Amino acid sequence: MSFIHELACDCHVHVIGPHERYRMLERRPYTPAEADLHALRQHMGRLSLGRAVIVQPSVYGTDNRCLIDCLDAAPGIFRGVAVLDRDVTDEQLAAMALKGVIGLRINLESTGAGNMAQAIDAIQYWASRLAGTGWHIQIYAGYRIINDVLAQLGVLPITLVIDHFGLIPPGIALDQLRASQLYRRLASGDVYIKLSGAYRVGAAGDADRISGIAHALLAANLERAVWASDWPHTNREPGKLATQISAYRDVSPDLLVRERSQWLLTDDIAYKVLVENPARLYRFSCVADPGKNG
């Protein structure tokens with residue numbers, strides 16, 4: 001890829017700070033090991049990335065201190081997606097925006113709250129609350145729930161971003177995918193989708209099918225796709241108590257680079273997905289002309 005890597009963005013990473021400083025929820029689904037800002041910078045260097053979007057992990061609930069501290073440590077390089085309670089004040093929202101928070105996450109998948117009525121209520125509330133702020137809503141939910149929710153929602157005054165391929169089943173027929181609400185809303189520009197977390201979508205043997213899904217989504221709307229590594233690859237190990245540390249998935253940088261090249265087949269596509277689209281969505285500084293960086 002010929003463009004300068006300082007502009008390329010990983011649009012979905014997590015930071016897990018020192019356990020003694022950033023307390024996790026007592027009732028959490030799992031316990032990840034520490035994965036600090038230094039480790040994140042190393043990850044970005046290995047993948048030739050200059051920007052990243054730090055997403056609040058479920059284990060911290062609505063305590064966004066670790067996220068805010070990361071944004072403070074490297075202003076301009078990172079953006080943040082927070083998890084918030086409805087009692088947050090407008091003044092607190094404005095203060096977070098000044099730090100680089102640009103979105104709010106609704107996580108139905110990791111928390112087990114896969115309820116359509118709950119999802120619609122949350123999206124409608126936050127869409128109304130955040131309209132005109134420049135923020136977006138990021139939703140992580142199963143494929144069926146996403147399609148059911150989108151079928152119930154009209155045009156919103158805020159952008160929706162769908163996590164991890166929308167958890168589209170890898171065995172889906174492409175004609176069936178193209179008939180879905182998710183695909184139609186993507187094609188019309190109503191939503192963005194993250195090409196990320198292939199291991200959350202299917203097994204290693206599904207790589208070719210997932211690549212086919214990526215190509216179909218890019219064909220639907222190249223302007224509304226972003227890429228992410230999902231670093232540090234959180235995992236809930238079978239048999240572990242929620243309070244015991246679950247090891248991260250073993251996902252090598254080489255695998256991530258190989259997946260990225262299989263999904264983004266040309267430099268022009270890669271520049272759109274890694275640079276231009278994230279700059280627009282996450283309001284990074286202006287982008288350069290890829291033709292000047294070859």
Side-chain angles (χ1 to χ4, degrees), residues 1-13 40-55 76-79 81 102-103 136 138 159 161-166 168 170 174 177-178 182-183 186-187 189 191-202 204 206-233 251-294:
M1 296 175 186
S2 59
F3 53 85
I4 55 176
H5 67 80
E6 286 83 358
L7 300 178
C9 185
D10 187 337
C11 294
H12 193 112
V13 301
L40 171 57
R41 287 183 176 277
Q42 290 181 318
H43 156 76
M44 293 169 66
R46 286 191 290 265
L47 271 69
S48 297
L49 301 163
R51 296 166 169 171
V53 178
I54 302 173
V55 177
I77 294 176
F78 299 122
R79 293 290 184 268
V81 176
I102 199 67
H136 65 266
Q138 177 179 315
T159 299
V161 179
I162 310 298
D163 270 352
H164 305 321
F165 280 95
I168 296 169
L174 292 184
L177 172 61
R178 294 186 185 105
L182 173 57
Y183 187 93
L186 175 66
V191 304
Y192 280 77
I193 195 158
K194 289 187 181 181
L195 307 181
S196 63
Y199 45 75
R200 302 189 188 281
V201 178
D206 295 314
D208 288 344
R209 294 188 181 97
I210 294 171
S211 290
I213 291 172
H215 299 157
L217 296 174
L218 291 168
N221 196 334
L222 180 57
E223 302 289 334
R224 291 294 183 268
V226 295
W227 173 87
S229 69
D230 197 29
W231 183 92
H233 318 297
V251 180
S252 70
D254 288 344
L255 174 60
L256 291 170
V257 171
R258 186 163 62 250
E259 281 184 344
R260 192 171 67 185
S261 65
Q262 289 170 345
W263 301 344
L264 312 179
L265 294 177
T266 69
D267 276 2
D268 287 344
I269 292 174
Y271 191 80
K272 281 283 188 184
V273 174
L274 297 176
V275 179
E276 285 190 359
N277 296 348
R280 181 192 323 114
L281 176 60
Y282 299 106
R283 296 164 66 185
F284 283 108
S285 59
C286 62
V287 301
D289 181 350
K292 296 179 181 178
N293 303 310

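The analysis underlying the following values was restricted to heavy atoms, covering all of them including side chains, and did not include hydrogens, waters or symmetry mates. Computed from a predicted model, the values in this text were never measured in an experiment. Quick note: residue numbers are just sequence positions, from 1.
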[X]: side-chain hydrogen bond (donor to acceptor under 3.5 Å, both in side chains) partners, not counting sequence neighbours:
| X | result |
| --- | --- |
| Tyr199 | Asp230, His233 |
| Gln42 | His38 |
| Ser229 | Asp10, His43 |

Check [X] against [Y] and note the closest heavy-atom contact, atom names and distance.
| X | Y | value |
| --- | --- | --- |
| Ala216 | Tyr183 | O-CE1, 3.5 Å |
| Ala8 | Ser48 | CB-O, 4.0 Å |
| Ala225 | Leu218 | CB-CD2, 3.6 Å |
| Ile77 | Gly50 | CG2-O, 3.3 Å |
| Ala52 | Phe284 | O-CZ, 4.2 Å |
| Ser285 | Arg51 | OG-NH2, 3.0 Å |

Gap separating the [atom1] atom of [X] from the [atom2] atom of [Y], nearest 0.5 angstrom:
| X | Y | atom1 | atom2 | answer |
| --- | --- | --- | --- | --- |
| Trp227 | Ile269 | CH2 | CD1 | 16.0 Å |
| Gln138 | Tyr192 | CD | OH | 13.5 Å |
| Ile54 | His12 | CD1 | NE2 | 11.5 Å |
| Trp231 | Ser196 | CH2 | OG | 15.5 Å |
| Asp208 | Ile213 | CG | CD1 | 11.5 Å |
| Leu264 | Ser211 | CG | OG | 10.0 Å |

State, yes or no, whether a side-chain contact exists between [X] and [Y] at a heavy-atom distance under 4.5 Å.
| X | Y | answer |
| --- | --- | --- |
| Asp163 | Val55 | no |
| Cys9 | Val226 | no |
| Leu256 | Arg46 | no |
| Ile162 | Leu186 | no |

Mind checking what makes side chain to side chain contact (heavy atoms under 4.5 Å, CB included) contact with [X], not counting sequence neighbours?
| X | answer |
| --- | --- |
| Pro170 | Val201, Asp206, Arg209, Ile210 |
| Glu223 | Asn221, Lys272, Asn277, Arg280 |
| Ala207 | none |

Check: Taking the six-membered ring of Phe165, is NZ or CZ of Arg200 closer than 6.0 Å to its centre and within 45° of its axis?
Finding: no
Note to self: Evaluate Arg258 against Ser252 for side-chain hydrogen bond (donor to acceptor under 3.5 Å, both in side chains), listing each step before the verdict.
What the structure shows: CA-CA 10 Å; Arg258 186 163 62 250; Ser252 70; 5.7 Å; no
Note to self: Please determine whether side chain to side chain contact (heavy atoms under 4.5 Å, CB included) holds for the pair Leu40 and Phe78, giving the CA-CA distance in whole Å, both sets of side-chain angles, and the decisive distance to 0.1 Å.
What the structure shows: CA-CA 11 Å; Leu40 171 57; Phe78 299 122; 3.8 Å; yes
Note to self: As a quick check of understanding, evaluate side chain to side chain contact (heavy atoms under 4.5 Å, CB included) for Leu274 and Leu7, giving each step before the final call.
What the structure shows: CA-CA 8 Å; Leu274 297 176; Leu7 300 178; over 6 Å; no
Note to self: Quiz question: by atom type and distance under 3.5 Å, do the side chains of Arg224 and Thr159 form a donor-acceptor pair?
What the structure shows: no
Checklist line | Arg79 side chain to Ile102 backbone, donor-acceptor under 3.5 Å | finding: no
